[in-house]
Amino acid sequence: MIRIGITGQTGFLGTHLFNTLGLYPDRFIRIPFSDEYFTDQDKLRSFVCQCDVIVHLAAVIRHPDPVLLKEINIRLVYKLIEAMEAEEVAPYVLFSSSTQEALPNPYGESKRMGRLLLEHWAQRNDASVTSLILPNLFGPFGRPEFNSFVATFCYRLTHGQAACIESDNTVFLLYVGTLCCYVVDKIPLVIQSAERITECHKVPHEIECSVSDMLEKLTYYKETYFDKGIIPSLKDRNDVNLFNTFRSYMDHLLRFPVRLTAHSDNRGVYVETIRTETGGQVASSTTLPGITRGNHYHTRKVERFTVLRGKALICLRKVGTSEVLSFTLDGNEPSYVDIPVWYVHNITNIGVEVLYTQFWVNEWYKVTDSDTYVESV
């Protein structure tokens with residue numbers, strides 16, 4: 001088992017990496033970290049002693065005083081090095097840097113200097129360090145007006161606000177989940193090797209587009225899915241990642257359940273449950289009274305639960321949080337709830353008759369790659 005600690009654990013990338021490592025409990029042990037450790041040397045020294053690997057993500061991205069921003073980021077690296085040297089430990093360190101290293105701004109300079117400090121530490125202490133030069137990251141749950149313009153656009157489009165372009169530059173984007181998978185694969189290779197490495201790796205981007213192209217794509221999601229409930233065309237993995245990012249900014253309690261139109265005549269009832277511009281798989285189930293299905297979550301799937309008959313309670317809880325979102329659906333008024341990524345979910349028959357539910361997912365189920373992780377709501 002490899003013991004891994006993440007500074008900046010509660011940030012955008014830190015949260016995603018912490019949760020991704022949690023998908024592999026038989027391979028990794030996550031060592032908790034709190035930002036206060038940087039102001040308490042004893043706690044920081046205790047933290048570094050517990051880690052085989054430290055992923056150093058903690059940094060100030062924006063600050064009204066650019067000089068102070070640079071000083072803080074460099075000081076965080078110094079404190080980490082001081083703690084490791086005081087305890088005479090040499091964990092494998094991964095350092096998140098940025099393509100801004102090449103730019104003459106305080107943030108880029110702090111990243112470049114932090115990388116050099118860690119490389120010198122590694123050489124002095126026979127340790128390994130990998131610096132990751134990262135493009136712009138995007139993904140679910142990023143802070144609008146802070147982490148990424150993608151987060152800002154998604155939030156504004158789903159909250160009735162105007163999404164404006166300040167500068168229509170070409171941007172290079174990497175999905176946060178892709179980076180997390182890279183780190184998960186990288187760590188065992190270095191830990192299990194007898195050779196010490198000092199490397200600087202430029203992580204490739206996945207999307208190259210203009211800001212206006214990105215806004216056009218997200219506006220299409222807004223008009224197709226948010227306004228009309230139609231699953232948009234998802235041509236490749238990048239589209240799925242962008243769509244799941246877009247969906248993460250909706251107010252789920254205000255949106256769901258979505259009521260469907262039931263057409264009744266002397267033959268019975270006809271209900272259209274889903275319109276989609278993409279493929280996928282449709283299934284249905286019956287559930288006996290009092291029985292619960294689910295209690296798992298997905299990291300990439302787009303999924304819709306539609307209740308056609310009976311009464312159901314659908315519950316959602318974001319991984320790593322305690323708030324539970326609850327939705328009551330009744331087959332007398334057929335309706336659906338779409339399941340966000342990284343939300344544990346279940347469905348319970350709370351009625352007295354058999355519950356009939358239809359499930360749609362954007363990809364076929366694969367036993368060897370099910371993207372299904374068991375956890376109770």
Side-chain angles (χ1 to χ4, degrees), residues 140 154 157-160 221-234 240 243-244 246-298 300-318 323-363 365 372 376-377:
C154 289
L157 289 170
T158 56
H159 287 74
Y221 292 160
K222 190 262 184 187
E223 294 173 348
T224 305
Y225 175 71
F226 190 80
D227 294 343
K228 301 176 183 177
I230 299 170
I231 304 297
S233 175
L234 304 173
V240 173
F243 182 55
N244 279 329
F246 174 83
R247 294 197 303 138
S248 75
Y249 292 90
M250 298 189 311
D251 188 325
H252 305 296
L253 283 176
L254 289 180
R255 180 172 180 83
F256 298 111
V258 175
R259 306 300 179 190
L260 297 168
T261 301
H263 302 276
S264 301
D265 59 23
N266 57 0
R267 298 168 297 175
V269 178
Y270 171 82
V271 179
E272 181 181 292
T273 59
I274 185 168
R275 287 190 177 188
T276 174
E277 296 178 355
T278 190
Q281 176 176 303
V282 177
S284 62
S285 74
T286 60
T287 304
L288 298 177
I291 299 298
T292 298
R293 292 180 177 273
N295 281 324
H296 57 238
Y297 62 96
H298 312 296
R300 66 171 188 261
K301 290 182 177 179
V302 184
E303 193 172 31
R304 175 170 293 184
F305 287 12
T306 304
V307 170
L308 298 173
R309 182 176 178 183
K311 195 170 184 179
L313 179 68
I314 294 177
C315 294
L316 311 176
R317 179 180 58 79
K318 185 179 175 183
E323 181 185 10
V324 176
L325 310 181
S326 299
F327 308 92
T328 300
L329 291 78
D330 193 322
N332 290 322
E333 295 181 300
S335 52
Y336 69 80
V337 171
D338 287 346
I339 311 300
V341 291
W342 290 103
Y343 271 75
V344 186
H345 51 277
N346 64 26
I347 180 170
T348 301
N349 184 346
I350 58 173
V352 296
E353 62 178 341
V354 174
L355 172 66
Y356 290 80
T357 311
Q358 182 189 78
F359 305 93
W360 172 86
V361 65
N362 70 305
E363 61 181 68
Y365 182 83
T372 300
S376 297
V377 173

> Quick one: side chain to side chain donor-acceptor pair (under 3.5 Å) partners of Glu272, sequence neighbours excluded?
Replying inline: Arg275
> For His159, what residues pass the ring pair (Phe, Tyr, Trp, His ring centres under 6.0 Å) criterion, not counting sequence neighbours?
Replying inline: Tyr155
>> Please enumerate all residues that pass ring pair (Phe, Tyr, Trp, His ring centres under 6.0 Å) together with Tyr343, with sequence neighbours excluded.
In response: His252
>> How long is the straight-line distance from CD1 of Ile231 back to OG1 of Thr278, given to the nearest 0.5 Å?
In response: 8.5 Å
>> If the condition is ring pair (Phe, Tyr, Trp, His ring centres under 6.0 Å), which residues does Phe243 pass it with, not counting sequence neighbours?
In response: Tyr221, Tyr225
>> Would you compute the distance between atom CG of Leu329 and atom OG1 of Thr357 and round it to the nearest 0.5 angstrom?
In response: 8.5 Å
> Can you name the ring pair (Phe, Tyr, Trp, His ring centres under 6.0 Å) partners of Phe246, sequence neighbours left out?
Replying inline: none
>> Just so I know, are the side chains of Lys301 and Ile339 near enough to count as touching, which here means a heavy-atom distance under 4.5 Å?
In response: no
> Taking the six-membered ring for Trp, are His345 and His298 parallel (under 30°), tilted (30 to 60°) or perpendicular (over 60°)?
Replying inline: tilted
>> Looking at every non-hydrogen atom in both residues, tell me the closest pair between Arg247 and Asn244 and how far apart they are.
In response: NH2-OD1, 2.8 Å
> Step by step, would you call Asn362 with Val240 a side-chain contact (heavy atoms from CB on, under 4.5 Å)?
Replying inline: CA-CA 9 Å; Asn362 70 305; Val240 173; 3.9 Å; yes
Going by atom type alone, with no hydrogens or angles, which donor-acceptor pairs under 3.5 Å involve a side-chain atom of residues 281-292 and a protein atom two or more places apart or on another chain?
unit_1	atom_1	unit_2	atom_2	d
Gln281	OE1	Tyr365	N	3.1
Thr287	OG1	Arg293	NE	2.8
Thr292	OG1	Thr348	OG1	2.7

>> Could you work out, with salt bridge (charged side-chain N to carboxylate O under 4.0 Å, His left out) as the rule, every residue matching Arg259, not counting sequence neighbours?
In response: none
> Nearest heavy-atom pair of Gly280 and Trp360: which atoms, and what distance?
Replying inline: CA-NE1, 4.1 Å
> Who pairs with Asp251 by salt bridge (charged side-chain N to carboxylate O under 4.0 Å, His left out), at least two apart in sequence or on another chain?
Replying inline: none
> Please walk me through it: do Glu323 and Lys318 pass side-chain contact (heavy atoms from CB on, under 4.5 Å)?
Replying inline: CA-CA 7 Å; Glu323 181 185 10; Lys318 185 179 175 183; over 6 Å; no
For residues 307-317, dump all side-chain donor-acceptor pairs below 3.5 Å to protein atoms at least two apart in sequence or in another chain.
unit_1	atom_1	unit_2	atom_2	d
Arg317	NE	Val377	O	2.7
Arg317	NH1	Thr321	O	3.0
Arg317	NH2	Glu375	OE2	2.7
Arg317	NH2	Ser376	O	2.8

> Which residue pairs pass the salt bridge (Lys or Arg N to Asp or Glu O under 4.0 Å) test when at least one of the two sits in residues 326-350, sequence neighbours left out?
Replying inline: Arg304-Asp338
> What's the shortest heavy-atom distance between Asn349 and Glu353, and which atoms?
Replying inline: ND2-O, 2.9 Å
> Considering residues at least two apart in sequence or located in another chain, which fulfil the side chain to side chain contact (heavy atoms under 4.5 Å, CB included) criterion with Val258?
Replying inline: Arg255, Phe256, Tyr336
> Under the salt bridge (charged side-chain N to carboxylate O under 4.0 Å, His left out) test, which residues partner Lys222, sequence neighbours left out?
Replying inline: Asp227
> If you look at every heavy atom in Val269 and Ala262, which pair is closest and at what distance?
Replying inline: CG1-CB, 3.8 Å
